[in-house]
Amino acid sequence: MKYFVFILLCLISGFSQASYLNYKYEHLPTEHTIVSSSLNNEARKVWVMLPEGYHAAENSEKKYPVVYTTDGENLQYLTGHNMWFLNRMGMLPDTILVAINTRHYRARDLTPTTPKDSPIPALTGQSSQLKAFITDEVIPFIDDTYRTDDFRVLSGHSLGGLFTITSLLSDQMQPLFKGFVAIDPSLWWDNGIVANWVEDAEDTFDEKAFAVYIVAAHEDNVPPEHEALYLKHIHAIDKAAQVLIDTDATAIRYDITTDENHGSVLHVGVFRGIREVFKCYPNVCQKPDNEE
């Protein structure tokens with residue numbers, strides 16, 4: 001009997017190890033540098049992560065959806081790992097990740113306005129230039145270089161999430177993307193002006209086929225000196241999300257976490273957001289009747 005138990009344990013251990021052989025993520029980006037006419041001829045880095053099997057002979061005609069993320073110098077790792085795991089779990093098709101570098105001019109590139117009393121001592125309010133860079137230079141380059149389909153997703157956190165929301169409102173960006181992921185977006189910016197823009201644009205969302213995921217981190221123990229800005233932040237997110245929920249736009253999900261902070265919600269948001277907007281790939285999910 002003891003011998004039988006020993007053999008059984010060995011078999012279970014062997015099967016367990018074998019099952020994890022395919023669970024090793026390797027981050028192997030290809031770096032491209034694009035000299036951007038939209039960004040004053042700046043040389044901007046873009047990293048591309050291809051799904052496993054992209055170069056396999058049997059996939060030579062296959063086309064792939066693409067996830068674009070801002071803050072790509074950092075978020076390529078977290079986003080790439082989450083996409084790999086979702087793909088392993090059968091929750092994401094084979095997908096290309098494009099990570100755009102916004103490190104050096106983050107405030108300038110990701111914000112839509114220059115507030116009179118800006119809390120950031122840097123040039124701001126030029127996100128339209130980054131949008132032009134993405135639409136006129138990055139997307140054409142990616143589509144020409146790689147085998148892509150027309151299902152694109154834009155993901156961003158904090159100021160990057162603000163950029164995602166303004167892209168949702170943009171005549172340049174909105175038609176090019178099927179999904180928008182905004183993780184604790186900095187909608188406090190300029191006294192919540194972007195939430196007002198969402199409200200003003202409510203009628204433009206009717207019958208549009210795209211998916212939106214928004215998550216907000218509600219925190220306890222906010223320092224008193226930051227409380228006013230924090231309340232402005234969460235109220236603006238809630239206002240924008242509720243407007244989107246009340247429109248006829250499709251597949252909008254709004255999550256609130258109470259056990260994450262502005263930084264840690266990034267992990268939750270990337271995982272849930274990408275999974276959510278791809279639920280009905282290659283189409284966009286129809287909005288449930290009970291949300292209308």
Side-chain angles (χ1 to χ4, degrees), residues 19-32 45-56 59 62-103 134 138-139 141-143 145-158 160-161 163-164 167-168 173 176-185 210-215 251 253 255 257 260 263-285:
S19 69
Y20 275 91
L21 288 177
N22 293 326
Y23 283 77
K24 182 181 179 182
Y25 172 65
E26 293 185 313
H27 189 76
L28 301 171
T30 299
E31 182 180 297
H32 300 281
K45 290 182 179 179
V46 174
W47 295 272
V48 177
M49 275 63 69
L50 298 175
E52 294 178 8
Y54 179 89
H55 294 295
N59 294 328
K62 182 176 179 179
K63 295 187 176 182
Y64 298 82
V66 185
V67 171
Y68 290 82
T69 184
T70 48
D71 293 322
E73 65 284 356
N74 296 317
L75 296 191
Q76 58 175 294
Y77 306 99
L78 173 64
T79 307
H81 199 172
N82 274 281
M83 289 172 59
W84 170 85
F85 186 76
L86 285 167
N87 179 261
R88 278 287 186 272
M89 295 296 102
M91 296 177 176
L92 182 72
D94 294 338
T95 303
I96 296 170
L97 172 63
V98 176
I100 301 168
N101 184 2
T102 52
R103 171 181 291 174
I134 293 172
V138 178
I139 290 177
F141 172 79
I142 296 298
D143 288 350
T145 307
Y146 300 97
R147 301 190 308 276
T148 62
D149 65 21
D150 65 351
F151 198 102
R152 303 183 189 94
V153 171
L154 178 65
S155 178
H157 167 250
S158 191
F163 182 80
T164 293
S167 296
L168 174 64
M173 296 281 282
L176 297 177
F177 290 85
K178 302 288 189 184
F180 297 85
V181 177
I183 303 163
D184 213 30
F210 51 72
V212 180
Y213 176 81
I214 299 173
V215 61
R253 174 172 168 176
D255 285 347
T257 66
E260 305 292 345
S264 68
V265 75
L266 173 60
H267 291 253
V268 175
V270 168
F271 184 87
R272 291 183 186 174
I274 291 176
R275 180 180 62 184
E276 186 70 22
V277 298
F278 273 96
K279 272 187 174 179
C280 298
Y281 175 83
N283 301 308
V284 174
C285 295

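These numbers were taken from a predicted model, which means no experiment stands behind them.
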_Heavy-atom pair with the smallest gap, counting every atom of V98 and I142_ = CG2-CD1, 3.8 Å

*Quick one: CG on N101 to NZ on K45, what's the gap to the nearest 0.5 Å?*
7.5 Å

*Looking only at heavy atoms, what is the nearest atom pair of F177 and M173, with distance?*
CD1-O, 3.2 Å

*Is the shortest heavy-atom distance from the side chain of L154 to the side chain of V181 under 4.5 Å?*
no

*Separation between OG1 of T145 and CD1 of I96, rounded to the nearest 0.5 Å*: 10.0 Å

_Partner set under ring-ring contact (aromatic ring centres under 6.0 Å, His included) for F151, not counting sequence neighbours_ = F278, Y281

*Identify the heavy atoms of P185 and G161 that sit nearest to each other, and give their distance.*
CB-C, 3.4 Å

*Straight-line distance of L97 CG to H81 NE2, nearest 0.5 Å*: 13.0 Å

*Which of parallel (below 30°), tilted (30 to 60°) and perpendicular (above 60°) describes H32 and F141?*
perpendicular

_salt_bridge(D143, R152) N-O dist < 4.0 Å_ = yes

*How about E52 and R88: do any of their side-chain heavy atoms sit closer than 4.5 Å?*
yes

*Side-chain donor or acceptor of Q76 paired with backbone N/O of G72 under 3.5 Å*: yes

*Look up atom NE2 in H157 and atom CG in D71, then write down how far apart they are to the nearest 0.5 Å.*
9.0 Å

*Distance-only, no hydrogens or angles: does the T69 side chain make a donor-acceptor pair with backbone N or O of G156 under 3.5 Å?*
no

*Using a 4.5 Å cut-off on heavy atoms from C-beta on, say whether the side chain of F271 contacts that of T79.*
no

_Distance, nearest 0.5 Å, that separates CD of E276 from CD1 of I214_ = 12.0 Å

*Within 45° of the axis and under 6.0 Å from the centre of the six-membered ring of Y54, does NZ or CZ of R147 qualify?*
yes

*For the side chain of N59 and the backbone of G53, is there at least one donor-acceptor N/O pair under 3.5 Å apart?*
yes

*Donor-acceptor pair, side chain of T148 and main chain of Y64, under 3.5 angstrom*: no

*asked:* Looking at every non-hydrogen atom in both residues, tell me the closest pair between A251 and C285 and how far apart they are.
replied: CB-O, 3.6 Å

*Do you know the tightest heavy-atom contact between T95 and L92?*
OG1-CG, 3.8 Å

*Taking S264 for its side chain and E260 for its backbone only, find out whether a donor-acceptor pair lies under 3.5 Å.*
no

*Drop me the distance from I183's CD1 to S158's OG, to the nearest 0.5 angstrom.*
10.5 Å

*Pick one: which of V66, V67, T164 meets side chain to side chain contact (heavy atoms under 4.5 Å, CB included) with V153?*
V67

*Salt-bridge contact D94-K62 (side-chain N to carboxylate O under 4.0 Å)*: yes

*Report the residues that fulfil side chain to side chain contact (heavy atoms under 4.5 Å, CB included) with L78, sequence neighbours left out, ordered by chain and then residue number.*
N82, L266, H267, V270

_Less than 4.5 Å apart, side chain to side chain, heavy atoms only: is that true for T30 and W47?_
no

*asked:* For F180 and F210, take the angle between the two ring planes, folded into 0 to 90°, and tell me which bin it lands in: parallel under 30, tilted 30 to 60, perpendicular over 60.
replied: perpendicular

_OH/Y77: more than 12 non-hydrogen atoms of other groups inside 6.0 Å_ = no

*Is the shortest side-chain N to carboxylate O distance from R272 to D255 below 4.0 Å?*
yes

